[in-house]
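Structure first, commentary second.
In what follows, chains carry the letters A, B, and so on, assigned in the order in which the sequence lines appear, proteins first and then strands, with residues in each chain numbered from 1. Just so you know, these numbers come straight off a predicted model, no measurement behind them.
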Amino acid sequence: MPELPEVETTLRGISPHLRGERIGQLLVRDRRLRLPVPREIESRVQGQRILALSRRGKYLLIGLECGTILIHLGMSGSLRVLASDTLPGKHDHLDLRLHNGKCLRMRDPRRFGMFLWVPDPPAAHPLLAHLGPEPLGSEFDGDYLYAQSRGRKCAVKAFIMDASLVVGVGNIYANEALHLAGIHPARPSNRVGRERYGRLARQIKLVLEKAIALGGTTLRDFVREDGSQGYFALSLKVYQRAGESCTSCGTPIRQRRIGQRSSFFCPLCQR
DNA sequence: CCGGACGCCTGTCGGC
DNA sequence: TGCCGACAGGCGTCCG
């Protein structure tokens with residue numbers, strides 16, 4: 001599910017409820033996530049005050065007095081803020097209970113997510129240490145993409161989805177940004193010029209910003225912290241629109257597998 | 001170093 | 001109606 005806009009939406013939703021609060025009990029119902037929820041995590045977080053919340057790529061960071069809770073939502077994860085006595089559903093694997101009677105509840109049907117405690121500084125943790133720049137930051141631009149792409153033959157779509165190049169761009173927004181920039185997803189990275197990488201970097205930023213403004217994309221599992229949906233799905237121009245008309249030229253949108261991921265594009269607008 | 005394949009899970013959908 | 005395979009927003013790991 002969750003790509004950068006959904007994680008950012010979740011961050012903005014939960015932050016006001018959690019910042020400054022003290023953690024009571026962490027209740028883990030099922031440790032079997034992508035990485036097992038560590039045995040010692042309950043004692044690590046018990047009684048600690050939440051100092052700050054942030055995002056790095058698709059990871060959510062909850063900064064404590066000692067260490068940081070690192071959360072990844074995988075494919076189907078979501079976080080909600082609820083009263084602690086709300087009855088849990090089948091896939092509600094853990095509750096981070098606060099002293100104020102609320103809890104942060106993680107749901108993840110496919111269990112591809114992560115919920116970890118990492119020591120300070122979190123950026124040094126192996127899961128975060130090798131991540132590329134944030135796409136919404138100034139370091140990420142067309143010149144950066146162009147420079148990184150030299151000598152790389154993989155499809156440009158796989159290239160921009162590589163988290164060591166740039167974080168946060170998943171399958172939905174990679175498809176959308178390539179369409180907006182007029183670039184064919186299967187084009188080899190080293191056969192995209194500087195100009196077109198400039199357009200691509202701009203469109204990645206624009207599509208992510210617009211999706212954040214609309215609360216992310218809800219296809220199936222993603223919900224905001226209050227249970228409401230994101231509305232960017234209404235703005236999708238190619239993703240999951242195979243056979244439908246391109247919004248700019250009317251040509252039927254094609255679907256094809258590129259780099260093991262379902263890819264959607266307009267054969268006329270994208271070259 | 002790079003690129004490609006695979007596995008991890010559950011739920012849903014389409015075809016027979 | 002039931003069964004079966006394909007597929008789904010991600011990513012770490014392994015192999016050539």
Side-chain angles (χ1 to χ4, degrees), chain A residues 1-10 29-37 55-60 70-79 89-94 106-116 118 125-132 135 147-178 185-191 204 207-208 211-212 214-224 229-233 235-236 238-243 255-264:
Chain A
M1 87 86 233
E3 304 184 30
L4 186 147
E6 291 74 37
V7 179
E8 180 68 25
T9 296
T10 300
R29 300 187 191 84
D30 194 339
R31 294 187 183 276
R32 300 172 301 163
L33 300 185
R34 177 79 170 79
L35 297 178
V37 179
R55 177 187 61 72
R56 178 74 177 98
K58 298 173 192 169
Y59 289 91
L60 272 166
L70 194 58
I71 302 173
H72 196 292
L73 299 176
M75 294 273 260
S76 58
S78 59
L79 295 173
K90 183 179 178 186
H91 300 294
D92 291 335
H93 304 313
L94 49 89
M106 184 176 184
R107 170 174 299 188
D108 186 4
R110 291 175 71 183
R111 290 194 274 119
F112 282 0
M114 303 179 204
F115 194 100
L116 306 168
V118 303
H125 191 273
L127 288 170
L128 303 182
H130 308 291
L131 295 178
Q148 294 292 316
S149 67
R150 296 307 90 184
R152 293 195 61 172
K153 295 186 297 186
C154 68
V156 62
K157 176 159 173 275
F159 179 62
I160 60 172
M161 289 177 67
D162 177 353
S164 63
L165 176 87
V166 59
V167 294
V169 183
N171 202 29
I172 297 178
Y173 301 107
N175 277 298
E176 293 300 308
L178 285 164
R187 176 173 280 271
S189 326
N190 61 3
R191 294 194 50 241
I204 288 173
V207 76
L208 295 177
I212 292 169
L214 292 177
T217 301
T218 296
L219 294 180
R220 178 162 300 149
D221 301 306
F222 176 70
V223 289
R224 304 224 233 165
Q229 302 190 41
Y231 291 101
F232 190 76
S235 303
L236 295 174
V238 289
Y239 187 78
Q240 286 195 342
R241 292 194 65 240
Q255 177 174 9
R256 159 182 159 193
R257 248 175 142 69
I258 298 168
Q260 288 95 251
R261 308 302 296 276
S262 208
S263 305
F264 302 83

Which nucleotide sits closest to the side chain of A:K58: C:dC11, B:dG11, C:dG9?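 Of all the options, the side chain of A:K58 is nearest to C:dC11.
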
Name the closest nucleotide to the A:Y59 side chain, picking from C:dG12, B:dT12, B:dT10.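 Shortest atom-to-atom distance from the side chain points to C:dG12.
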
Quick one: is [X] getting a side-chain N or O under 4.0 Å of the [N] phosphate, OP1 or OP2?
| X | N | result |
| --- | --- | --- |
| A:R32 | B:dC8 | no |
| A:K90 | B:dT10 | no |
| A:H72 | C:dC11 | yes |
| A:R220 | B:dT10 | no |

Take the protein atom [atom1] of [X] and the nucleotide atom [atom2] of [N], then report the distance between them rounded to whole Å.
| X | N | atom1 | atom2 | value |
| --- | --- | --- | --- | --- |
| A:R56 | C:dC11 | CZ | P | 12 Å |
| A:R241 | C:dA8 | CZ | C1' | 19 Å |
| A:D92 | B:dT10 | CG | P | 15 Å |
| A:L35 | B:dG7 | CG | P | 18 Å |
| A:R261 | C:dG9 | CZ | C1' | 7 Å |
| A:M161 | C:dA8 | CE | C1' | 12 Å |
| A:F222 | B:dT10 | CZ | P | 23 Å |
| A:L128 | C:dG10 | CG | P | 17 Å |

Give me the atom names and distance for the closest heavy-atom approach of [X] to [Y].
| X | Y | answer |
| --- | --- | --- |
| A:G230 | A:T218 | N-OG1, 2.7 Å |
| A:V167 | A:L4 | O-CD1, 4.3 Å |
| A:G77 | A:D108 | N-OD1, 3.5 Å |

Of A:H91 and A:R34, whose closest DNA chain B nucleotide lies nearer the 5' terminus?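 The answer here is A:R34.
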
Does anything in residues 155-176 of chain A pair up under salt bridge (Lys or Arg N to Asp or Glu O under 4.0 Å), and if so which pairs, sequence neighbours excluded?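 Every salt bridge (Lys or Arg N to Asp or Glu O under 4.0 Å) pair that includes a residue of residues 155-176 of chain A, provided the two are not neighbours, is A:R152-A:D162.
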
Measure all distances between protein nitrogen or oxygen atoms and nitrogen or oxygen atoms of nucleotides 3-7 of chain C, and list the pairs falling under 3.5 Å.
none

For [X], check side chain to side chain donor-acceptor pair (under 3.5 Å) against everything at least two apart and list the hits.
| X | answer |
| --- | --- |
| A:Q148 | none |
| A:Y239 | none |
| A:R241 | A:E244 |

Which of residues 107-114 of chain A sit near DNA chain C, with a heavy atom under 4.0 Å from it?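 Contacting residues: A:R110, A:F112.
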
How does DNA chain C look in dot-bracket notation if pairs are Watson-Crick or G-U with both distances under 3.5 Å, crossing ones as [ ], other-strand ones as |? .|||||||.|||||||

Residues in side-chain contact (heavy atoms from CB on, under 4.5 Å) contact with A:A186, at least two apart in sequence or another chain: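 A:A186: side-chain contact (heavy atoms from CB on, under 4.5 Å) contacts with A:H184, A:R256, A:I258.
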
Euclidean distance, A:M75 CE relative to A:N171 CG, rounded to 0.5 Å: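 It is 8.5 Å, given to the nearest 0.5 Å.
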
Supply the atom-to-atom distance A:R111 CZ to A:H91 NE2, rounded to the nearest 0.5 angstrom.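 Interatomic distance, A:R111 CZ to A:H91 NE2, rounded to 0.5 Å: 9.0 Å.
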
For B:dG3 and C:dG9, measure between their C1' atoms and round to the nearest Å.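 Each nucleotide's C1' atom is 23 Å from the other's.
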
If I pick the P atom on B:dC9 and the same atom on C:dC3, what distance separates them, to the nearest angstrom?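 The answer is 24 Å between these two P atoms.
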
Any N/O pairs under 3.5 Å between the protein and nucleotides 1-4 of chain B? List them or say none.
from	atom 1	to	atom 2	distance (Å)
B:dG3	OP1	A:K153	N	3.0
B:dG3	OP1	A:C154	N	3.1
B:dG3	OP2	A:R152	NE	3.0
B:dG3	OP2	A:R152	NH2	2.6

Under 4.0 Å, counting only non-hydrogen atoms across every strand here, what does A:Y239 touch: a base, just sugar-phosphate, or nothing?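 Sugar-phosphate contact only.
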
Would you mind classifying the nucleic acid contact of A:L127 as base, sugar-phosphate or nothing, using non-hydrogen atoms under 4.0 angstrom?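 A:L127: backbone/sugar contact only, no base atoms under 4.0 Å.
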
Do the non-hydrogen side-chain atoms of A:P2 and A:T10 ever get within less than 4.5 Å of each other?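 A side-chain contact under 4.5 Å is absent here.
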
N/O donor-acceptor pair under 3.5 Å between A:R31 side chain and A:L33 backbone: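 Side chain of A:R31 to backbone of A:L33: no pair is present.
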
Spell out, as yes or no, whether a donor-acceptor pair under 3.5 Å connects the side chain of A:S76 to the backbone of A:R110.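 A pair under 3.5 Å: yes.
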
Hey, are A:N190 and A:S149 close enough side-chain-wise for a donor-acceptor pair under 3.5 Å?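 No.
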
Distances under 3.5 Å only, N/O to N/O: pair up the protein atoms with those of nucleotides 14-16 of chain C.
none

Counterpart residues, ring pair (Phe, Tyr, Trp, His ring centres under 6.0 Å), relative to A:H93 (two or more places apart):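 Scan of A:H93 (ring pair (Phe, Tyr, Trp, His ring centres under 6.0 Å), adjacent residues dropped) gives none.
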
A:F232: what forms a ring pair (Phe, Tyr, Trp, His ring centres under 6.0 Å) with it, not counting sequence neighbours?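 Here the qualifying residues are A:Y173.
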
Could you give me the CA-CA distance, side-chain angles and deciding distance for A:S263 and A:N175, then say whether side chain to side chain contact (heavy atoms under 4.5 Å, CB included) is met? CA-CA 6 Å; A:S263 305; A:N175 277 298; 3.8 Å; yes

